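Have a look at the structure below, then the notes.
Everything quoted here is computed from the prediction, not taken from an experiment.
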Amino acid sequence: MKRERLDKILSNLGYGTRKEVKMMVKDGLVEVNGKLVKDSSIHVDPQKDEILVDGEKVFYREFIYLMLNKPKGVITATYDDVEKTVLDLIDDEYKVFSPSPVGRLDKDTEGLLILTNDGELNHFLLSPKRHVPKKYYAKVLGRVTEDDVKKFKKGVVLDDGYRTLPSDLEILVSGEVSEIELVIYEGKYHQVKRMFEAVGKKVIYLKRIEFGPLKLDEDLELGEYRELTDEEVELLREAVRSKE
């Protein structure tokens, strides 16, 4: 980790604006390696230097990784003038890290969404070359049949002429309203809905239940989130490495 300005580090960690951090330093509330700091612009290494604010040790993290159970009615974006975004569901202690969603879920789609400020991992997970699997549960208006399973296995042609990669369709219930699970290996716009439209059916409920090696935590209510465990983060990194 490169050395950065003390006021920038503390501001990014939610201790206040740079102006407020400057006042804290002026008031003698900040120590670095056992010495009171007199200049908030000094450069420190937060992973090596010991920083105390008002006597409490600062624990620095470069990256955060969150799993969110996204509810309907919320858009997958970092900011919007009108709509409620997934970041509006996150506490300020995490917002200071400026996390971004890994991919997107439609406004009316629920389920597993990862948020992180690890731009490199985000990029790799979304790279079309890596074909990271994503599993969805859906309710579909119309009887889903084994013929649809075969069509999805070959790839279906969407409304714009694009043929999808082969996908894995499992029928849970076949009826006037069918229930299915579908694994896709790409992330085209409204892809699951458009795939079923291509075979004459309509998705009326959609929920992402897996992303790569991660499964949606069943203990998370809609709108709730938690940090990924170290093991889960490593699973994501392994999934990326295995595709290289």
Side-chain angles (χ1 to χ4, degrees), residues 63-70 75-78 86 99-140 144-172 178-199 201 203 205-218 225 228-244:
F63 298 124
I64 60 159
Y65 307 87
L66 306 175
M67 176 189 293
L68 169 71
N69 187 0
K70 178 192 169 299
I75 65 170
T76 306
T78 55
V86 290
S100 296
V102 179
R104 66 185 304 276
L105 291 176
D106 300 334
K107 183 178 179 180
D108 59 351
T109 299
E110 298 177 355
L112 173 56
L113 186 68
I114 300 167
L115 297 106
T116 182
N117 61 338
D118 186 341
E120 184 176 38
L121 183 63
N122 193 331
H123 170 75
F124 284 143
L125 288 171
L126 297 178
S127 171
K129 295 184 292 184
R130 286 178 168 79
H131 307 310
V132 175
K134 293 166 275 288
K135 180 184 269 191
Y136 293 82
Y137 165 81
K139 292 182 179 180
V140 180
V144 180
T145 66
E146 288 300 321
D147 185 51
D148 296 320
V149 173
K150 293 175 183 176
K151 288 177 180 176
F152 277 46
K153 196 67 178 175
K154 293 179 180 177
V156 297
V157 179
L158 303 182
D159 48 16
D160 59 0
Y162 174 79
R163 179 177 288 277
T164 66
L165 292 174
S167 58
D168 303 312
L169 174 61
E170 179 183 355
I171 302 170
L172 305 177
S178 299
E179 296 180 43
I180 63 92
E181 288 184 355
L182 176 66
V183 179
I184 61 175
Y185 299 87
E186 53 195 332
K188 300 297 180 184
Y189 181 68
H190 287 174
Q191 181 169 336
V192 176
K193 296 173 183 176
R194 293 164 68 202
M195 288 177 75
F196 278 100
E197 287 171 2
V199 294
K201 299 173 179 68
V203 173
Y205 174 81
L206 187 61
K207 179 179 185 177
R208 184 156 70 193
I209 55 177
E210 294 182 20
F211 187 106
L214 297 189
K215 295 183 179 182
L216 178 63
D217 188 334
E218 295 180 356
Y225 66 95
L228 295 185
T229 64
D230 291 342
E231 290 79 10
E232 287 171 330
V233 174
E234 186 56 31
L235 282 174
L236 285 177
R237 292 194 173 124
E238 286 177 4
V240 168
R241 287 195 291 266
S242 68
K243 301 287 185 179
E244 291 178 344

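- At most 12 heavy atoms of other shown residues, nucleotides or ligands fall within 6.0 angstrom of atom CD in Glu120.
- At a threshold of 4.5 Å between non-hydrogen side-chain atoms, the residues Glu186 and Gln191 count as touching.
- Val192 is listed as a side-chain neighbour of Ile184, based on a closest heavy-atom distance under 4.5 Å.
- Distance check, rounded to the nearest 0.5 Å: CE of Met67 to CG of Leu214 gives 5.0 Å.
- By the 4.5 Å heavy-atom criterion applied to side chains, Asp106 and His190 are counted as neighbours.
- Glu146 is listed as a side-chain neighbour of Ile171, based on a closest heavy-atom distance under 4.5 Å.
- When side chains are defined from C-beta on, Leu105 does not count as touching Glu110, because their heavy atoms never get closer than 4.5 Å.
- Scanning all heavy atoms of the two residues, the minimum distance from Ile114 to Phe211 falls at CD1-CD2, 3.9 Å.
- The existence of a salt bridge linking Lys70 and Asp108 is excluded, since no basic side-chain nitrogen approaches an acidic carboxylate oxygen closer than 4.0 Å.
- Contact of the Leu236 side chain with the Leu125 side chain is registered, since non-hydrogen atoms from C-beta on lie closer than 4.5 Å.
- Salt bridge absent: Asp168 and Lys135 never bring a charged side-chain N and a carboxylate O closer than 4.0 Å.
- Counting only distance, with no hydrogens or angles, the side chain of Thr116 and the backbone of Ile64 share a donor-acceptor pair below 3.5 Å.
- Side-chain atoms of Leu112 and Asn69, non-hydrogen and from C-beta on, never get closer than 4.5 Å to each other.
- In this structure, Lys201 forms no cation-pi arrangement with Phe196, as its terminal cationic atom is not both closer than 6.0 Å to the ring centre and no more than 45° off the ring axis.
- Under the 4.0 Å criterion applied to side-chain N and carboxylate O atoms, Asp118 and Arg237 are assigned as salt-bridge partners.
- Using a 3.5 Å distance cut-off with no hydrogens or angles, the side chains of Glu179 and Tyr205 do not pair a donor with an acceptor.
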(request) Go through Glu181 and Tyr136 one step at a time and tell me if the side-chain hydrogen bond (donor to acceptor under 3.5 Å, both in side chains) criterion holds. (result) CA-CA 5 Å; Glu181 288 184 355; Tyr136 293 82; over 6 Å; no

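- A distance of 6.0 Å or more separates the ring centres of Tyr162 and Tyr189.
- Looking at Thr78, its side chain never comes within 3.5 Å of a backbone N or O of Ser100 through a donor-acceptor pair.
- Side-chain atoms of Ser167 come within 3.5 Å of backbone atoms of Phe152 as a donor-acceptor pair (strictly under, hydrogens ignored).
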